[in-house]
Protein chains: 2
Amino acid sequence: MTTRRVRARRGEGALLREEILRAAEDLLAEAGTEDALTLRAVAERAGVSTPSVYLHFADKEELVEAVCLRVWDELGRLFGANLGGDPFLALGRCGRAYARFALDHPVQYRVLMLRPSPGPGVPPAAAECFRHMVDAVAACVETRVLEGDPEELALGLWSAVHGCVSLLIAQPSFPWPRDREALIDHIVRIAGFGTAVYSRLPRDLPPSADLVTALDDFGARLNLS
Amino acid sequence: MTTRRVRARRGEGALLREEILRAAEDLLAEAGTEDALTLRAVAERAGVSTPSVYLHFADKEELVEAVCLRVWDELGRLFGANLGGDPFLALGRCGRAYARFALDHPVQYRVLMLRPSPGPGVPPAAAECFRHMVDAVAACVETRVLEGDPEELALGLWSAVHGCVSLLIAQPSFPWPRDREALIDHIVRIAGFGTAVYSRLPRDLPPSADLVTALDDFGARLNLS
DNA sequence: CCGTTAGGTTAACGCTGTCAATCTGACATC
DNA sequence: GATGTCAGATTGACAGCGTTAACCTAACGG
């Protein structure tokens, strides 16, 4: 048992919440697995009895989610810092920043994105990032190079990058190329090109049209405009 | 307690393995969550005592994985059935089949693909699917429309579809369009177009080149060939 | 009929999340 | 300074979990 924590003064009970979060954060960093986050371990490290955690978190799930959400703010900042300038370059930078963030915090990313979300809605922090993303896409649409609903396009881009990093995180034994950074780069650009081509294709192209036909059509349209 | 199971005859001990798997499968289907798969619940439903599970599975993890791997064979068949004919159309069919499979078996998909893989290697069933995928891509590369390493290209396509379905499964409260089938279609084609464009771009295109430049370059090359 | 052994069971351990009941010490008041 | 109050915690317990060691028992070959 680590040294017992001194009781907080009146009105400052919320201090414990912060200390619990810090303890859990450290535990997660040391163990590298969310399994290490037992209420008992967290409480002991915070120098407090186990049920005290319930004074600030409804249940374990809420604690774990709170811990993982803490790093998410960083992603919001990253997005903000990468906006501006050429909208396509900005979009690319955001994608790369997102991927780097996920790979830098694999445990937190898994907990928040690779599990059945507990609440009915998207976690607010993630929602804000998504809004950034939609804005970035909207800027691209305004240049007329991309066409379509920004939200829908953003979802596609998001899911492309998410697919790559979540596979990297969950399936490290896939035959990945050695250079992760380059892989991310590929994916981001593939998603970008794909979205651009797809968004500018005639809507009435039959679903069964093969790639060559579609690309030819696209090439023709590109030269026209 | 359900009726107790009659002891198997000598040499037929392996029958219990099958019955345990079936029990677990049913439990999973009824509850819709892997949390329902407690050893006690599975054993009771199989009409057997809890530790008997250990006669056929090293630990719980192995049982859960075995349960989820059972449906995976179906995916292998789906892939096989969708090969042949125009390689690009085949690739598209495979992507759609993969997505439909994942959305039809969300729990199993999550257990196998969205969690830290236990063993050192890829589960054999998934590896076989990946091989199919690489073959399909290789066929496309032979037409000269796609260029590059089939394995690398396949990874990109896989991760695109995986990204979409895993987000759909884990984050149902995202602002998804109503028509899932159409969404999958978009993603598959975006990934296809993106890969095609990207694979045919000059390798020395600077990483900072913006989308418009790259697309123009691509359009020019496409008309030349 | 007996001995062997595959095919199980019993009982228990340590761990987990969670809750009801209880204590305690800092503060406002007299 | 003594007193009452209530926020801030603790104690003790519960049910359920995965897992293990020790034990039983029914089916078969000789």
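The analysis underlying the following values was restricted to heavy atoms, covering all of them including side chains, and did not include hydrogens, waters or symmetry mates. Below, read A as the first sequence line, B as the second, and so on, with proteins coming before strands; counting in each chain starts at 1.
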- prompt: Within the structure shown, what part of the strands sits under 4.0 Å from B:S49 by heavy-atom distance: base, sugar-phosphate, or nothing?
  reply: base
message: Taking the basic N atoms (NZ, or NE/NH1/NH2) and the acidic carboxylate oxygens, is any pair closer than 4.0 Å for A:E61 and A:R115?
response: yes
field: Separation of atom CZ in B:R5 from atom C1' in C:dA6, rounded to whole Å
entry: 13 Å
message: Nearest heavy atom decides the nucleotide; on that basis, is A:G13 or B:E61 closer to the 5' end of DNA chain D?
response: A:G13
B:I169 to B:P106 - nearest heavy-atom pair and separation: CD1-CA, 3.9 Å
message: Within the 4.0 Å heavy-atom criterion, would you say A:T38 contacts the bases, only the backbone, or no part of the nucleic acid?
response: sugar-phosphate
task: Look at the side chain of B:R9 against the base of C:dG7 and say whether a donor-acceptor pair falls under 3.5 Å; ignore hydrogens and angles.
output: no
query: Between B:R100 and B:E181, is there a salt bridge with N-O shorter than 4.0 Å?
result: yes
- prompt: Can you give the first and last nucleotides of DNA chain D, 5' to 3', that have an atom under 4.0 Å from a heavy atom of chain A?
  reply: D:dT5 to D:dA13
task: Rounded off to whole Å, could you give me the OH-to-P distance for the B:Y54 and C:dT10 pair?
output: 17 Å
Earlier contact from the 5' end, DNA chain C, for B:H56 and B:R10: B:R10
message: Between B:R7 and A:L39, which residue's closest nucleotide on DNA chain C lies nearer the 5′ terminus?
response: B:R7
message: Looking at B:R131 and B:E151, is any side-chain nitrogen of the basic one under 4.0 Å from a carboxylate oxygen of the acidic one?
response: no
query: Going by an N to O cut-off under 4.0 Å, is there a salt bridge joining B:R70 and B:E65?
result: no
query: Under a 4.0 Å N-O cut-off, is there an ion pair linking A:E34 with A:R110?
result: yes
message: If I take atom CG in residue A:L63 and atom C1' in nucleotide C:dT18, what distance separates them, rounded to the nearest angstrom?
response: 14 Å
- prompt: Between C:dA26, C:dT18, C:dT9, which one does the side chain of A:K60 approach most closely?
  reply: C:dT18
